[in-house]
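Here's the structure we're looking at; comments come further down.
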Amino acid sequence: GTLSTDSIYIDVLDPIEGPQISFSDYDGINLCFGDVAPEIGVSALAAGADGNWSYTWQQSETDELWENVQSSSDPYEAGILNDTALIQLLATSTFGCGTFASNALQIPVWAEVLPGLIDYSAEETLCYASEASELLASQAQGGGSTFDVQGYATTATATTTIQFAQTLSYSPGVLTDTTTFFVEFTNLNGCGVVNSNAIQFSVLPDLETE
């Protein structure tokens, strides 16, 4: 005859779908250095296995080294950012079916805005009504490297605007008063205004006859 063993029931858990994350309110435009990161929420929790999951938010700058930053599925805020950041959410099956990463979201950050500098070698003491040396300035950096440039000349009695050339050079011409020059750089991506160092031409008093 034929004999059968007892039946063994094998329960296969539901197929797994990893979590999905999305920005709560962010248009993808680069942040400025030191801006606060937008909030990221969970658009879809992990599904499958036995339905029990634990969650960990991770953050990285390189997509190679991830740091655990929050242990929950609550919305995540990275806080103040000084570098471009990548964010993802890990879902770990508490039943033991593995760990699954969500899509990764990038928050791009412009480099810190740093002012250009005027060459200090131009600074000098002049006789009255003498011609000052040409000023040469370097370009500001960071913030997407796009700036409006405005120069200023300041004496004891007034401050006037001056126009630096496209090459960031300026010839002060003949000076009759001690004058200080500096350059103001306005970032066109909204990352602030910074000033160069100041260069002073000291002008001696005019000669007078007794």
**Prompt:** Going by heavy atoms in the side chains, are I21 and N103 under 4.5 Å from each other?
**Reply:**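 Contact flag for I21/N103 side chains = yes.
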
**Message:** Using side-chain heavy atoms (C-beta onward) and a distance below 4.5 Å, is L81 in contact with Q59?
**Reply:** yes

Considering only Ile, Leu, Val, Met, Phe, Trp and Tyr, and joining two whenever side-chain heavy atoms are under 4.5 Å apart, list the other residues clustered with [X].
X    : answer
L136 : none
I199 : V113, I118, Y120, L126, Y128, L135, F147, V149, I162, F164, L168, Y170, L175, F181, V183, F185, V194, F201, V203
W66  : L86
F33  : none

Could you report the tightest heavy-atom contact between [X] and [Y], atom names first, then the distance?
X    : Y    : value
A101 : L90  : CB-CD2, 3.6 Å
E134 : S169 : OE2-CB, 3.6 Å
S43  : S22  : CB-OG, 3.7 Å

Partners of [X] by side chain to side chain donor-acceptor pair (under 3.5 Å), sequence neighbours excluded?
X    : answer
T99  : T92
T180 : Q200
N82  : none
Q20  : none

**Asked** Counting only heavy atoms not in D27, do more than 12 sit closer than 6.0 Å to its CG atom?
**Response**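 For D27, atom CG is crowded (more than 12 foreign heavy atoms under 6.0 Å).
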
**Prompt:** If you count the non-hydrogen atoms of other residues, nucleotides and ligands that lie under 6.0 Å from CG in D25, is the total more than 12?
**Reply:**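 Atom CG in D25 is not packed in, count stays at 12 or less.
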
**Message:** Under the rule for ring pair (Phe, Tyr, Trp, His ring centres under 6.0 Å), what residues qualify as partners of F182, not counting sequence neighbours?
**Reply:** Y152

**Prompt:** Residues two or more places apart in sequence or in another chain: which of them pass ring pair (Phe, Tyr, Trp, His ring centres under 6.0 Å) with Y26?
**Reply:**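 Partners of Y26 under the ring pair (Phe, Tyr, Trp, His ring centres under 6.0 Å) test: F23.
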
**Prompt:** Between the main-chain N or O of G173 and the side-chain N or O of S171, is there a donor-acceptor pair closer than 3.5 Å?
**Reply:**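 Not a single qualifying donor-acceptor pair exists.
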
**Prompt:** Distance-only, no hydrogens or angles: does the D177 side chain make a donor-acceptor pair with backbone N or O of T155 under 3.5 Å?
**Reply:** no

Just checking, is any N or O donor in the side chain of [X] or [Y] under 3.5 Å from an acceptor N or O on the other one?
X    : Y    : result
D50  : N52  : yes
T178 : S202 : no
Q58  : Q88  : yes

**Prompt:** Pairs in or reaching into residues 15-54: which pass disulfide (SG to SG under 2.5 Å), with residues at least two apart or in two chains?
**Reply:**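 Checked against disulfide (SG to SG under 2.5 Å) - neighbours excluded - the pairs reaching residues 15-54 are C32-C191.
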
**Asked** Any disulfide (SG to SG under 2.5 Å) pairs touching residues 33-131, not counting sequence neighbours?
**Response** none

**Message:** Within this structure, what is the CH2-OG distance for the pair W57 and S73, rounded to the nearest 0.5 Å?
**Reply:** 8.5 Å

